[in-house]
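Chain A is the first sequence line, chain B the second, and so forth, proteins listed ahead of strands; every chain is numbered from 1. No experiment lies behind these values; they were computed from the predicted model shown.
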Amino acid sequence: MEKPLTAHIPKDGSWLRLKDYERVGGYQGLRQALKMTPKEVIDMVKDAGLRGRGGAGFATGLKWSLVPTPDQIPGPHYLIANGDEMEPGTFKDRLLLEGNPHQLIEGMIIGAYAIQAEFSYVFLRWGYQFAEKALEEAIHEAYEAGYLGKNILGSGFSHELSVHISAGRYICGEETALINALEGKRANPRAKPPFPVVSGFFGRPTVVNNIETLSNVPHILSKGVSWYKSLSKCEDGGTKLYGVSGKVKRPGLWELPLGTSFREILEEHAGGMRDGYQFKGALPGGGSTDFITAEHLDVAMDYNSVAKVGSRMGTGTIIVLDDKTCVVGMVLNLEHFFAQESCGWCTPCREGLPWTEKLLLALENGEGKMEDLKIFDDLTRYMGPGNTFCALAPGAMEPLQSALKHFRADFERHIHEHRCPWK
Amino acid sequence: MDTQTQRILTDDMIAEIRDMYQHFPVKKAACIEALKLIQKHHRWVSDQAVQELAEVLDMSPDEIDSVATFYNLIFRKPVGRHVILICDSVSCWIMGYEKIADYLKQKLGIQFGETTPDGRFTLIPICCLGTCDRAPAMFIDEDLHRDLTVEQIDAILERYP
Ligand SMILES: Cc1cc2nc3c(=O)[nH]c(=O)nc-3n(C[C@H](O)[C@H](O)[C@H](O)COP(=O)(O)O)c2cc1C
Ligand code: SF4
Ligand code: FES
């Protein structure tokens, strides 16, 4: 089984230096791209079936093709690598940043060439100091070697790349909020349209892509479309970093074919549940995805299959709920997070999330009423897709609405027993 | 010297801030980076620092403050010698971070958001640290501590005098 993204990450906790990266084929993808036209690069990434790994699964080649060319809108154009990674339960981009920064840098230069961007930024969350250091040193190496800067490898294409460290707020991961943060402002999202591909950083065409997404790009260019498609078990291409946290025997992160079954990840890679604990449910892709339950264990972890069972693959990092953990408590923890991290720009989210948290807290403390469940149903609709400026609020409703659907009896027990039965 | 008249932004810091904004169309773009710089030198961002920065960036102090207070990691109140940031997000919650937090509160005699009377520790809850497979987790200053158990806490704290 091939693991292009992670196979060469040193086992000793250090990062893959330029020399070692080149030895295993590093920067061959860039060399290939520079021999092609930008449009050919975009088409190749489209054909490879690479979908965004940041959560929404938007087709990467398609996104790039929406950027006006410099003839249509003159430069500067920008590319931003989204390394905010603050979705609760998510720890995948960290590995790529800490272990293989050149892979990301190469992917960024290729992406920048495809959209003809002069500048790019890595937007990195706070607290990833090791990643920051590795990236800064790798960028330095790339400049020295002529992969960055003026007239890259004699191609006539020039590109500058730098790193911004976030001052910390979950909403910074939303692409338009991220752009505001990068401009030095409060990270409120922007109304769309216009979309960033047309009007983003300082009003210029801007592509925002996830770290894992961009790390896939060099391999597509160097090894080709059919190889890339053959890595996966589904209609979309490539491998995926899957993670598991919670009460399993071996929590961790693995690079596996896209479309690997949930059961295989849970039982083989994470070693199954710890002794004395039973699987009850899981959020398949971070805190803002819908619960799946034991009946969905055989779902393939790819975008379309997870959607068919009423959830989202999201970031692909699974959070496991066990039978000894209270689902109301878990959802309360999540809604506390979302309420606190709401940027406060639109009313449903600003008012609705604290209300949701308050009702859940009362319920958890045994002070809930049956009417509250009806209010939850209303709130999940009120904050559903289309009613807010960004996807934070709808995302916040996903664990709640699905918990009410799959585990309603647990909510009702809190009401009838006037206490949390799990405490 | 009277601390009231002592400036927080040194000439070197101002030069560094100018360097930050020269790549951007507007000076304001350096606001977050400048706040982080102030905090690196002073550990928190005082009202006076906000005022001085406002002059450098041609912004109003209110505008600076609206940015400063938006971000979790810009401290607008003084903090202790060591800052403990304990993850209270979902995976750490499942793995029992509350036991660790309760022990810390009891041992240090403070609640979340407070600083010990001797100025040694400030205790703050924080969202997901991106290390959920090794929960529960916390930062003390720049050090990440993971797979925490209550039994380890005393020994860990001793390393931060
Ligand atoms: C509240 C919120 C937080 C987000 N956080 C992140 C993040 O940390 N990293 C990320 O790549 N995408 C995040 N996204 C998704 C981005 O808006 C954007 O879709 C993504 O970076 C695009 O990259 P991709 O097309 O490569 O997936 C977030 C979205 C929302 C609504
Ligand atoms: S949904 Fe919430 S986070 Fe998103 S813009 Fe509205 S208030 Fe801000
Ligand atoms: S939930 Fe605590 S590190 Fe992610």
Lys NZ or Arg CZ of A/K280 over A/F407 ring: under 6.0 Å, within 45°: yes
If I measure from the heavy atoms of chain B, does A/E87 come under 4.5 Å with its side chain, its backbone, both, or neither? backbone
Among B/Y21, B/Y71, B/F24, the residue with the most heavy-atom pairs under 4.5 Å to chain A is B/Y71
Under 3.5 Å, side chain of A/N188 to main-chain N/O of A/W345, donor-acceptor pair present? no
Residue selection (most heavy-atom pairs with chain B, distance under 4.5 Å) from A/R250, A/H164, A/Q340, A/M86: A/H164
Cationic N near anionic O, under 4.0 Å, A/E98 to A/K92: no
Please classify the contact of A/Y128 with chain B as side chain, backbone, both or neither, using a heavy-atom distance under 4.5 Å. side chain
Between A/K247 and chain B, with a heavy-atom cut-off of 4.5 Å, which part of the residue counts as in contact: side chain, backbone, both or neither? both
Picking from A/A187, A/G344, A/G246, A/G243, which has the most non-hydrogen pairs under 4.5 angstrom with chain B? A/A187
Sort A/I165 into side chain, backbone, both or neither according to what part of it lies under 4.5 angstrom from a heavy atom of chain B. both
Do A/L241 and A/D93 come close enough that some side-chain heavy atom pair is under 4.5 Å? no
Are A/Y170 and A/F337 near enough that their ring centres are under 6.0 Å apart? yes
Do B/L104 and B/I153 have side chains that get closer than 4.5 Å, going by heavy atoms? yes
Given heavy-atom pairs under 4.5 angstrom as the criterion, report whether the side chain, backbone, both or neither of B/L35 touches chain A. neither
Counting heavy-atom pairs closer than 4.5 Å to chain A, which one of B/A68, B/C92, B/S91 comes out on top? B/S91
Option from A/L95, A/L97, A/D84, A/N82 for which side chain to side chain contact (heavy atoms under 4.5 Å, CB included) with A/I211 holds: A/L97
Where on A/Q129 is there a heavy atom nearer than 4.5 Å to chain B: the side chain, the backbone, both, or neither? side chain
Taking atom types as modelled, is there a side-chain donor on B/Q51 or B/E55 under 3.5 Å from an acceptor on the other? no
Has A/R169 got its NZ or CZ under 6.0 Å from the middle of the six-membered ring of B/F70, at an angle within 45 degrees of the ring axis? yes
Cut-off 4.5 Å, heavy atoms of chain B, and the answer for A/D322 is side chain
Under 4.5 Å to a heavy atom of chain B? For A/A270 that would be neither
Quick one: does any side-chain atom of A/E160 pair with a main-chain N or O of A/G149 as donor and acceptor, under 3.5 Å? no
A/T325 versus chain B, heavy atoms under 4.5 Å apart: side chain, backbone, both or neither? side chain
Look at A/G127, A/C172, A/S162 and state which one has the largest set of heavy-atom pairs under 4.5 Å with chain B. A/G127
A/R125 portion near chain B, given a 4.5 angstrom heavy-atom threshold: side chain
Turns out that what part of A/R94 lies under 4.5 Å from chain B's heavy atoms comes down to side chain
Structural part of A/V248 lying under 4.5 Å from a heavy atom of chain B: neither
Side-chain contact test, heavy atoms from C-beta onward, threshold under 4.5 Å: evaluate it for A/C390 versus A/R190 and give yes or no. no
Which atoms of B/E33 are under 4.5 Å from chain A, going by heavy atoms: the side chain, the backbone, both sets, or neither? side chain
Could you tell me which portion of B/L144 (side chain, backbone, both or neither) has an atom closer than 4.5 angstrom to a non-hydrogen atom of chain A? side chain
Engaged part of A/F201 at the chain B interface, taking heavy atoms whose separation is under 4.5 Å: side chain
So for A/R204, is it side chain, backbone, both, or neither that comes closer than 4.5 Å to the heavy atoms of chain B? neither
What option among A/K185, A/H336, A/E85 has the most heavy-atom pairs under 4.5 Å with chain B? A/K185
Closest non-hydrogen atom pair, A/T206 against A/I80: CG2-CD1, 3.6 Å
Highest number of heavy-atom pairs under 4.5 Å with chain A: which of B/A34, B/S66, B/C31? B/S66
Run the salt bridge (Lys or Arg N to Asp or Glu O under 4.0 Å) check on B/D118 and B/R81 step by step: do they pass? CA-CA 9 Å; B/D118 61 359; B/R81 280 200 301 290; 5.4 Å; no
4.5 Å side-chain heavy-atom contact, A/K249 and A/D275: yes
